[in-house]
Amino acid sequence: MPQVLAFVAHHLGLGAQRVWLFFDDPDDPAAAAVEGLSGVRVVRCDDGHWRKNGTGKGEKTRPEAHQVRQSQNVGAVYRRTTLDWLVHLDIDEFIWPSRPIPEVLAEAPADAPALRMAPWEALHDPALPDDIFTAHAFRRALKGPEFAALKDDVFGPYAEMLDQGAVSHAAGKCFFRAGVEGLSPRIHTAMIKGERLILRAVMADVALLHFHAQDRADWIARLPFRATKGAYRANPPFFVWYSLTGPTGVEDFYNHVQMATPDMLNRLRRAGALIEADLGLRAQVARLAEREGRVWPI
């Protein structure tokens, strides 16, 4: 529940007119906690939901893969929304603009069907006080020839199996312009009349802060699923390494790649590959609770 509240408080605070929350588990207690909040729409993905929005030649059913479920859900919202722009996010992804988002979107080319945010991965700092999602340092994806040397320095022996320069996705997420004929949103991009949309440029003033692996225990607990069915399934070198290594190897990987050490931060800072930000999520949740007259035991 605290993570859901943090996500909602942050994005409503940025000025989002509506936040749709899709609960894969329709009985998740967090759904009841946020139901009725101003600007929030809760969708419980029960059998009735999938009969309306699922897949199947006959009766529609719940897609087996969570990636397909996500695409189905964002597509359903896109087809019905009356807003100008829509963005699909996971609960651990937070938009971080350097200026108001309405200004940025107003300057988008009129023919742009979507705008891409670059992802910045949160680094682990055990000295920080808990803030629901806890990190102050975020590393950009060290992708491309301009970051090749830095990638080797930062990732060391693990650089070769992180060919996209990130532990999680390097694709980022998109703002989708509503009402584009033939556009079908996907998790990281879109299809337009059956063709995949290629967005090479990223938004200069809007970053995507991704709390993918800032919590050591949580990351290790999720690793088996991510390696076989989730974020790492399309990375064969990582899968081979994981299938052969043990707990000590996993700890060494995390210590080398995800720790916000002074040396790593200095290297990233000098290269312009670091964002330092304090989201103040507990304070944001407290302000939301006061505004909505709610009391949440977090």
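Just so it is clear, the values below take in all heavy atoms, side chains as well, and ignore hydrogens, waters and symmetry mates. Here, residue 1 is the first one in the sequence, and each next residue gets the next number.
- With sequence neighbours excluded, the residues forming a side chain to side chain contact (heavy atoms under 4.5 Å, CB included) with P109 are D111, A112, listed by chain and number.
- Between the side chain of N235 and the main chain of M161, a donor-acceptor pair closer than 3.5 Å is present.
- Within the 4.5 Å cutoff, the side chain of C45 has heavy atoms near those of the W50 side chain.
- Side-chain contact between I132 and L279 is absent, with no heavy atoms from C-beta onward closer than 4.5 Å.
- At least one donor-acceptor pair under 3.5 Å links the side chain of D215 to the backbone N or O of D218.
- Classification of D46 and R62 as a salt-bridged pair fails, no side-chain N sitting under 4.0 Å from a carboxylate O.
- N53 CG to Q72 CD: the interatomic distance, rounded to the nearest 0.5 Å, is 7.5 Å.
- For R18 and W20, the positive end sits near the middle of the six-membered ring, less than 6.0 Å away and at most 45° from its axis.
- Among F94, W120, F7, the single residue meeting the ring pair (Phe, Tyr, Trp, His ring centres under 6.0 Å) criterion with F211 is F94.
- A donor-acceptor distance shorter than 3.5 angstrom exists from the side chain of Y78 to the backbone of G179, with no hydrogens or angles considered.
- No continuous path of hydrophobic side-chain contacts links V180 to M191 [ILVMFWY only; heavy atoms under 4.5 Å].
- Under the 4.5 Å side-chain contact rule for hydrophobic residues, F133 and V34 share a cluster.
- A distance below 6.0 Å separates the ring centres of F253 and W241.
- N73 contributes a side-chain N or O that, together with a main-chain N or O of R69, makes up a donor-acceptor pair within less than 3.5 Å.
- Proximity of a side-chain donor or acceptor of D205 to a complementary backbone N or O of P97 within less than 3.5 Å is not detected.
- For Y232, the ring-ring contact (aromatic ring centres under 6.0 Å, His included) test picks out H212, F238, with sequence neighbours left out.
- Between the side chain of D90 and the backbone N or O of D92 there is no donor-acceptor pair closer than 3.5 Å.
- Side-chain N or O atoms of R233 include one that pairs as donor or acceptor with a backbone N or O of G230 at under 3.5 Å.
- A pairwise comparison of heavy atoms in Y254 and A213 identifies OH-O, 2.6 Å as the closest pair.
- Of the charged side-chain nitrogens involved, at least one lies within less than 4.0 Å of a carboxylate oxygen, so that R216 and E251 count as a salt-bridged pair.
- When side chains are defined from C-beta on, P29 does not count as touching M1, because their heavy atoms never get closer than 4.5 Å.
- Interatomic distance, L268 CG to L142 CG, rounded to the nearest 0.5 Å: 6.5 Å.
- We find that D84 and R177 are not joined by a salt bridge, their nearest charged nitrogen and carboxylate oxygen being 4.0 Å or further apart.
- The shortest distance between side-chain heavy atoms of L288 and W296 falls below 4.5 Å.
- Of the charged side-chain nitrogens involved, none lies within less than 4.0 Å of a carboxylate oxygen, so that E292 and R287 do not count as a salt-bridged pair.
- Checked for salt-bridge contact, D130 and R282 meet the test: a charged N lies under 4.0 Å from a carboxylate O.
- Between E160 and K151, none of the side-chain N atoms (NZ, or NE/NH1/NH2) sits under 4.0 Å from a carboxylate O, so this pair counts as no salt bridge.
- A donor and an acceptor atom, one from each side chain of E93 and H169, are located under 3.5 Å apart.
- Side-chain contact between L208 and W96: absent, with no pair of heavy atoms (C-beta onward) separated by less than 4.5 Å.
- Residues meeting the side-chain hydrogen bond (donor to acceptor under 3.5 Å, both in side chains) test with H11, sequence neighbours left out: none.
- Below 30°, between 30° and 60°, or above 60°: for F225 and H66 the angle between ring planes is between 30° and 60°, a tilted geometry.
- Using a 4.5 Å heavy-atom threshold, the side chains of R294 and L37 count as touching.
- Residues R140 and E121 are not paired through a salt bridge, judged by the lack of any N-O separation under 4.0 Å between the basic side chain and the carboxylate.
- For the pair V87 and C174, the minimum side-chain heavy-atom distance is 4.5 Å or more.
- For the pair S243 (side chain) and V240 (backbone), a donor-acceptor distance under 3.5 Å is present.
- A distance-only check finds no donor-acceptor pair linking the side chain of Q214 to the backbone of A122 [under 3.5 Å].
- Hydrophobic clustering (ILVMFWY, side-chain heavy atoms < 4.5 Å, transitive): Y158 and V154 are in one cluster.
- Looking only at distances, a side-chain donor or acceptor of T228 sits under 3.5 Å from a matching main-chain atom of P224.
- In this structure, L14 and I101 approach most closely via the heavy-atom pair CD1-CD1, 4.3 Å.
- Taking 4.5 Å as the limit, some side-chain heavy atom of I187 sits within range of a side-chain heavy atom of S71.
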